[in-house]
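Worth knowing before you read on, the calculation uses all heavy atoms, side chains too, and leaves out hydrogens, waters and symmetry mates. Worth saying up front: this structure is predicted, and the values here are computed from it rather than measured.
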Amino acid sequence: MQNNHSKEHLYKILVIGDLGVGKTSIIKRYVHHNFSPNYRATIGVDFALKVLNWDQETVRLQLWDIAGQERFGNMTRVYYREAMGAFIVFDVTRPASFEAITKWKEDLDSKLTLANGKHVATVLLANKCDQGRDVLTNNGIKMDQFCQENGFVGWYETSAKIQIQNQTRSAPAAGVRAGGGGPPDRCREKRMAGRRRPPDYPSEW
């Protein structure tokens with residue numbers, strides 16, 4: 001007899017990063033397929049659920065949208081508990097948000113480990129790539145090296161504002177495109193239009 005009962009999986013995924021980098025907008029685009037230019041800071045933590053059907057299996061992603069200022073408090077240990085993966089988001093137009101990535105990663109690794117003692121898989125998201133000042137992401141080799149040195153499984157360019165039509169299973173976020181690959185998109189077009197390095201980015205980029 002054929003078994004018509006599909007398997008179900010529930011995964012808690014953290015979305016963390018500095019205040020105003022676009023965490024909530026990424027989640028809303030991915031889950032609800034919309035974008036609002038009106039910014040409202042998340043207070044504490046918010047939640048969203050994305051249901052995916054893959055090969056007769058149902059995957060429920062419980063996305064935890066953690067406020068950017070929470071890294072400076074004591075509640076992140078509670079919010080991180082039992083998570084199976086994480087996205088750390090930075091804003092390509094704000095170098096300071098990129099510099100904060102390692103602090104977020106250290107906070108995450110110090111407060112959360114899997115049952116086998118390993119750190120959870122963490123993906124880096126370079127958000128707001130539609131705004132053009134994505135100098136860091138122009139250098140894919142440097143970004144790959146940064147991820148390798150800091151324990152990220154990979155990095156992706158994202159934009160919650162524009163719809164980039166290449167979403168992958170390994171990166172459940174709106175408008176995600178693998179860094180250094182994938183089909184042409186508006187973020188890539190903006191990069192190719194001008195590659196000047198803003199003065200506030202490190203010269204080696």
Side-chain angles (χ1 to χ4, degrees), residues 9-36 38-52 59-73 75-94 96-114 119-130 137 143 147 150-164 167-179:
H9 308 273
L10 176 64
Y11 299 110
K12 175 180 175 179
I13 307 295
L14 306 173
V15 184
I16 58 180
D18 271 8
L19 187 71
V21 296
K23 301 181 297 294
T24 301
S25 294
I26 288 175
I27 292 172
K28 285 185 176 179
R29 171 67 80 177
Y30 181 56
V31 175
H32 304 295
H33 309 290
N34 62 39
F35 171 80
S36 173
N38 300 318
Y39 173 72
R40 185 179 66 179
T42 300
I43 300 175
V45 63
D46 204 352
F47 312 92
L49 183 69
K50 178 72 172 182
V51 180
L52 305 171
V59 177
R60 301 179 187 275
L61 298 178
Q62 190 181 69
L63 301 168
W64 284 52
D65 178 9
I66 298 175
Q69 63 269 28
E70 288 298 321
R71 180 167 60 85
F72 304 101
M75 289 299 293
T76 52
R77 188 179 300 276
V78 177
Y79 297 151
Y80 293 169
R81 188 177 300 159
E82 297 182 349
M84 299 299 293
F87 291 116
I88 298 182
V89 185
F90 76 96
D91 179 346
V92 299
T93 71
R94 289 166 47 201
S97 69
F98 179 79
E99 295 168 3
I101 290 169
T102 53
K103 298 297 184 183
W104 279 102
K105 188 66 165 64
E106 290 169 2
D107 186 66
L108 179 67
D109 290 346
S110 67
K111 296 175 180 177
L112 176 66
T113 55
L114 298 173
H119 298 308
V120 298
T122 307
V123 173
L124 180 61
L125 298 184
N127 194 36
K128 304 186 185 180
C129 67
D130 59 286
T137 58
M143 288 295 292
C147 289
N150 291 277
F152 290 91
V153 298
W155 67 280
Y156 295 83
E157 291 177 288
T158 65
S159 172
K161 184 176 182 179
I162 65 175
Q163 187 73 23
I164 302 174
Q167 301 178 4
T168 67
R169 295 185 182 186
S170 61
V176 171
R177 186 181 63 80

Atom pair OH/NZ of Y80 and K12 - distance to nearest 0.5 Å: 10.5 Å

Main-chain N/O of D91 paired to S97 side chain as donor or acceptor, under 3.5 Å: yes

Going by heavy atoms in the side chains, are L124 and N150 under 4.5 Å from each other? no

Please report the closest heavy-atom contact between V21 and G17, naming both atoms and the distance. CG2-C, 4.3 Å

What are the two closest heavy atoms between L114 and A83, and how far apart are they? CD2-O, 4.1 Å

Could you tell me how the ring of F98 sits relative to the ring of F90: parallel (under 30°), tilted (30 to 60°) or perpendicular (over 60°)? perpendicular

Derivation and outcome, side-chain contact (heavy atoms from CB on, under 4.5 Å), residues L14 and L112: CA-CA 11 Å; L14 306 173; L112 176 66; 4.2 Å; yes

Mind checking the CD1-CG spacing from I88 to N127? Nearest 0.5 Å is all I need. 14.0 Å

Could you tell me the separation between the OG1 atom of T113 and the NE2 atom of H119, rounded to the nearest 0.5 Å? 8.0 Å

Quick one: pull up NZ in K128 and OG1 in T158 and give me the separation to the nearest 0.5 Å. 10.0 Å

A48 to I27 - nearest heavy-atom pair and separation: CB-CG2, 3.6 Å

Y11 and M84: which non-hydrogen atoms are nearest, and at how many Å? CD2-CG, 4.0 Å

State whether the side chain of K23 and the backbone N or O of W64 hold a donor-acceptor pair below 3.5 Å, judged by distance alone. no

Separation between CD1 (I66) and CH2 (W104), nearest 0.5 Å, reads 7.0 Å

Closest non-hydrogen contact found for K50 with L52 is CE-CD2, 3.7 Å

T122 side chain to V120 backbone, donor-acceptor under 3.5 Å: yes

When every non-hydrogen atom of R60 is compared with those of V51, the smallest separation belongs to NH1-CG2, 3.6 Å

If the test is side chain to side chain contact (heavy atoms under 4.5 Å, CB included), which one of D18, I26, I16 qualifies with V89? I26

Cut-off 3.5 Å, side chains only: do D65 and T24 have a donor facing an acceptor? yes

